[in-house]
2 protein chains.
Amino acid sequence: MPFHPACHSYEPVTIADRLFLDLRRAILEGELPAGKKISEPELASVYGVSRGSLREAISKLENCNLVTRRPNIGARIVSFSTDQLMEIYQIREAMEGMAARLAAKNMTEAELAHLKSLVARHKDSMSHTERLNKTDYSQDADLDFHFCIIQGSKNQRLLTMLCQDLYDLVRFYRMRLSPAFSSTAMQEHELIVQALERGDGEMAELLMRYHVRASRDRAKQRLESMSPEELGNYH
Amino acid sequence: MPFHPACHSYEPVTIADRLFLDLRRAILEGELPAGKKISEPELASVYGVSRGSLREAISKLENCNLVTRRPNIGARIVSFSTDQLMEIYQIREAMEGMAARLAAKNMTEAELAHLKSLVARHKDSMSHTERLNKTDYSQDADLDFHFCIIQGSKNQRLLTMLCQDLYDLVRFYRMRLSPAFSSTAMQEHELIVQALERGDGEMAELLMRYHVRASRDRAKQRLESMSPEELGNYH
DNA sequence: AGAGAGGAGATTGTCGACAATTTTATTTCA
DNA sequence: TGAAATAAAATTGTCGACAATCTCCTCTCT
């Protein structure tokens with residue numbers, strides 16, 4: 001069973017594992033600011049563990065691309081960069097497009113039903129804005145949708161690469177931008193589901209690629225409308 | 001500067017780095033057999049280093065997907081599996097297709113010239129089969145071609161993900177199959193270069209995807225023609 | 001005053017020893 | 001005889017101490 005911290009269930013058995021999850025959460029939620037240098041002695045004493053265990057946790061964070069490390073110098077939390085975010089969207093376009101194509105062929109009935117219920121629930125929660133506000137909605141709903149399809153592709157390596165190497169970065173950026181809430185995105189989701197129902201892999205890929213491209217454009221627009229102070233917090 | 005062991009130059013500064021490169025080579029060349037369990041005390045004494053340094057090196061190997069680790073149980077060299085190889089080709093089709101599309105727009109003149117010289121040299125060496133045999137030719141030529149285009153995409157994250165997370169696995173399998181030598185593949189390379197010269201990203205992506213799919217089919221055919229004993233060596 | 005050399009302090013890399021867990025071998029009982 | 005329980009051995013996880021390297025401050029010289 002591969003190492004899937006991002007994939008909804010992961011029982012930490014060792015100290016380094018628990019530490020990894022704690023630090024990961026701290027980074028994603030902004031508790032540890034972007035670009036900050038990690039002091040091994042300091043963090044180790046804060047969390048009450050040895051430097052060895054901490055170093056192993058940092059190594060895991062490096063795998064998720066949440067920190068970068070340089071020999072004899074140290075580790076830094078990844079820093080916010082518009083260009084890097086755009087790069088990530090390009091990769092998602094390619095990989096998730098392929099995932100959608102494969103999912104159209106390989107998804108089980110149960111998985112498809114679950115995906116449909118997801119989309120229906122999102123649609124429902126959107127019309128009840130008095131109970132669930134936009135932030136609540138898009139906190140994880142969008143990622144759940146994408147995760148479902150990746151899982152449905154039945155390509156284990158694709159799942160691992162996306163969840164392990166890319167999605168934590170996606171979360172990192174998403175936490176630092178306004179939530180990507182848009183009824184347009186939800187309509188795109190519905191179209192994708194319809195293509196998956198028909199088993200039309202070609203169309204599912206095209207629609208997914210369009211969706212990721214459109215999301216990238218929306219993110220870019222949002223970035224450009226943000227004030228320099230807002231952005232400055234993360235540089 | 002990101003961590004790019006696979007990308008042609010990487011100066012090991014620390015003991016764990018040197019060890020990582022040694023072990024990586026040993027795995028790729030089959031010195032350490034596929035599927036074998038790694039004994040930390042044994043390997044540490046063989047290489048004359050402490051277990052701590054070895055563990056850090058193993059952690060790096062895990063990033064490259066050359067070993068898998070389970071808590072309290074240990075690390076194993078990745079094992080040979082036809083299904084997994086097919087999965088990798090699907091991912092390469094998506095990612096390298098995107099790389100070709102981007103390279104058509106972003107490649108510099110110098111990079112394009114270098115790519116053309118690469119293809120010309122390959123073509124030349126193919127006609128002099130008395131001096132360079134097939135194994136010599138395809139040892140790294142094909143990977144050089146693909147690496148060039150990925151680099152030309154100017155998407156740093158794409159480069160990292162392919163070189164760090166996928167290409168070592170590609171090498172792992174390539175070493176264990178007959179060399180992927182085919183004049184058809186070389187013709188496909190030429191067509192891709194022509195599309196890149198024209199700056200036709202759409203066509204470059206289509207041709208690259210076709211090329212990767214075709215390479216996958218060729219690999220599959222080769223696998224099915226191999227005797228069970230040959231395959232058995234790597235299970 | 002500014003640039004460069006030198007040294008004190010702090011940080012990262014490396015190591016061996018101990019603790020916790022797993023694996024293997026042995027014994028015991030139905 | 002075979003399966004479950006138990007004990008012994010081996011392996012992995014964790015820790016603190018020491019060595020190597022980097023960083024920053026101070027001092028010197030032009």
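Each chain gets a letter, A, B and so on, in the order the sequences are listed, and its residues count up from 1.
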Which parts of nucleotides 11-16 of chain D does protein reach within less than 4.0 Å, heavy atoms only, written one letter per nucleotide 5' to 3' as B for base, S for sugar-phosphate only and - for none? SBBBB-

Please enumerate all residues that pass side-chain contact (heavy atoms from CB on, under 4.5 Å) together with Asp22(A), with sequence neighbours excluded. Arg18(A), Tyr47(A)

Taking side-chain contact (heavy atoms from CB on, under 4.5 Å) as the definition, give me every residue that meets it alongside Val119(B), ordered by chain and number, with sequence neighbours left out. Phe145(B), Glu190(B), Val193(B)

Using five pairs at each end of the helix from dA1(C)-dT30(D) to dA30(C)-dT1(D) to define an axis, what is the angle between those two axes, to 10°? 10°

Taking atom types as modelled, is there a side-chain donor on Asp142(B) or His122(B) under 3.5 Å from an acceptor on the other? no

Can Ser215(A) and Arg218(A) be counted as having a side-chain donor-acceptor contact under 3.5 angstrom? yes

Does the Lys NZ or Arg CZ of Arg176(B) fall within the cation-pi geometry relative to Phe172(B) - under 6.0 Å from the ring centre and within 45° of the axis? yes

Without placing hydrogens or testing angles, list every side-chain donor-acceptor pair under 3.5 Å for residues 29-38 of chain A, not counting sequence neighbours.
| from | atom 1 | to | atom 2 | distance (Å) |
| --- | --- | --- | --- | --- |
| Glu29(A) | OE1 | Arg25(A) | NH1 | 3.1 |
| Glu31(A) | OE1 | Arg25(A) | NH1 | 3.3 |

Enumerate the salt bridge (Lys or Arg N to Asp or Glu O under 4.0 Å) contacts for residues 105-114 of chain A, please, sequence neighbours excluded, ordered by first and then second residue. Glu111(A)-Lys154(A)

